[in-house]
Amino acid sequence: MKNIILTGDRPTGQLHIGHFIGSLKNRVLLQNKGDYDKMYIMIADAQALTDNFDNVDKVKDNILQVMLDYLAVGLDPEKVVFFIQSEIPELTEFTFFYMNLVTFARLQRNPTVKAEISQKKFNKNIPMGFLCYPISQTADITAFNANIVPVGVDQLPMIEQAREICRTFNNIYKTDLLIEPQAVIPENKVAQRLPGLDGAEKMSKSLGNCIFLADEPEVVKQKIFSMYTDPNHIKISDPGQTRGNVVFAYLDAFSEKEHFERYLPEYKNLEELKAHYKKGGLGDVKIKTFLNNILQEILKPIREKRKTLEKNPARVFEILFKGSDEAKKDAEQNILKLKQAMGIDYRNNLKNKN
Ligand code: TRP
């Protein structure tokens, strides 16, 4: 079967190294493997508006920021169709038809939605657009027949709900039109959910505990040196904990064998380094310096590419508009197929198109 890959992000802020290790890196790998007919990356401005409808400027400004981050990490407009969600009106048609297939209770049970509702303190005043965004996310995926969706683990409940909607649709309308999408998440456990600099469960802009892809070298260094380690590891000779220690979590996510060869040749690998830390005799400055070397190496080419791209925002928007035109054509075809499967293709538009 041919593969169609689709993924995206809400443009609510610059992307950080949690996005990089949790999803962007996977996307670049998939892009370069070439095992697909088409790969789409969508900037989900309409979804971002579901909880920022009164803050349009924030969403608008971050379309460029997110796109700069995408291109800077090596996502390539020659291989990927980049588009803006609100440029594709067919997505709202898909959403409208799928709304009939999902109950209010099921939406409220969606773990990601549930967590966000309490985090955003909506209490009982939940905007319908927000509650329904998993349905619109299913539209995003199925409007392009995507079967592969590379995302972070926080998105798994969304993909599960999308699969359910596909099944329900196919059952009710006796069709096999909709393909249940498959999530692709990183294999590395820590990479799946990178903790914040402060040891919080998650790196997130709202918690102010991130290293951004665009951060300057000194800022990165200063953030690493402020990282939470083991509060009981006071003297270098003290035995230290590696669990719950943010520096070791990041080393788990980012360090490779060659980093040891380059920056810390007295240790063979991370296991040896951890063993020494646990035993005592290894100080935080040394592990932080090592992590700083690694992250500086990873972030340097990204930052430099971003700086070049930043000089020409018109060119970046050109990529997005060209991609949006192409994505719109594909969604137009697929909404006709959806209507045909439902039996509401009154003008029989598809007669000569298949
Ligand atoms: N919900 C995703 C996020 O919070 C963004 C998104 C919207 C998305 N539609 C999608 C991701 C479709 C994958 C597929 O970043």
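As the structure lists them, so they are numbered: ligands from 1, and atoms in each ligand from 1. Bear in mind the structure is a predicted one, so any value in this text is a computation, not a measurement. No hydrogens, no waters, no symmetry mates; every other heavy atom, side chains included, goes into these values.
- Remark: R262 pairs with E297 by the side-chain hydrogen bond (donor to acceptor under 3.5 Å, both in side chains) rule, at least two apart or across chains.
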List, for ligand 1, each N/O atom that has a protein N/O partner under 3.5 Å away, with both atom names and the distance.
{"unit_1": "ligand 1", "atom_1": "1 (N)", "unit_2": "Q47", "atom_2": "OE1", "d": "2.7"}
{"unit_1": "ligand 1", "atom_1": "1 (N)", "unit_2": "Q137", "atom_2": "OE1", "d": "2.9"}
{"unit_1": "ligand 1", "atom_1": "1 (N)", "unit_2": "Q155", "atom_2": "OE1", "d": "2.9"}
{"unit_1": "ligand 1", "atom_1": "4 (O)", "unit_2": "R10", "atom_2": "NE", "d": "3.2"}
{"unit_1": "ligand 1", "atom_1": "4 (O)", "unit_2": "Q155", "atom_2": "NE2", "d": "3.4"}
{"unit_1": "ligand 1", "atom_1": "9 (N)", "unit_2": "D140", "atom_2": "OD2", "d": "2.7"}

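- Each salt bridge (charged side-chain N to carboxylate O under 4.0 Å, His left out) pair with one or both residues in residues 208-222, not counting sequence neighbours, appears once here: D215-K223, E216-K307.
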Which is it for F290 and F260 under the ring-ring contact (aromatic ring centres under 6.0 Å, His included) test, yes or no, and what are the steps along the way? CA-CA 9 Å; F290 181 44; F260 281 89; 4.8 Å; yes
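- At a threshold of 4.0 Å, the pair E87-K328 does not count as salt-bridged, since none of the basic side-chain nitrogens sits closer than that to a carboxylate oxygen.
- A salt bridge does not link R193 to D154: none of the charged side-chain nitrogens sits closer than 4.0 Å to a carboxylate oxygen.
- Pairs engaging residues 281-290 under the side chain to side chain donor-acceptor pair (under 3.5 Å) rule: T229-D284, H233-D284, E266-K286, Y277-D284 [sequence neighbours left out].
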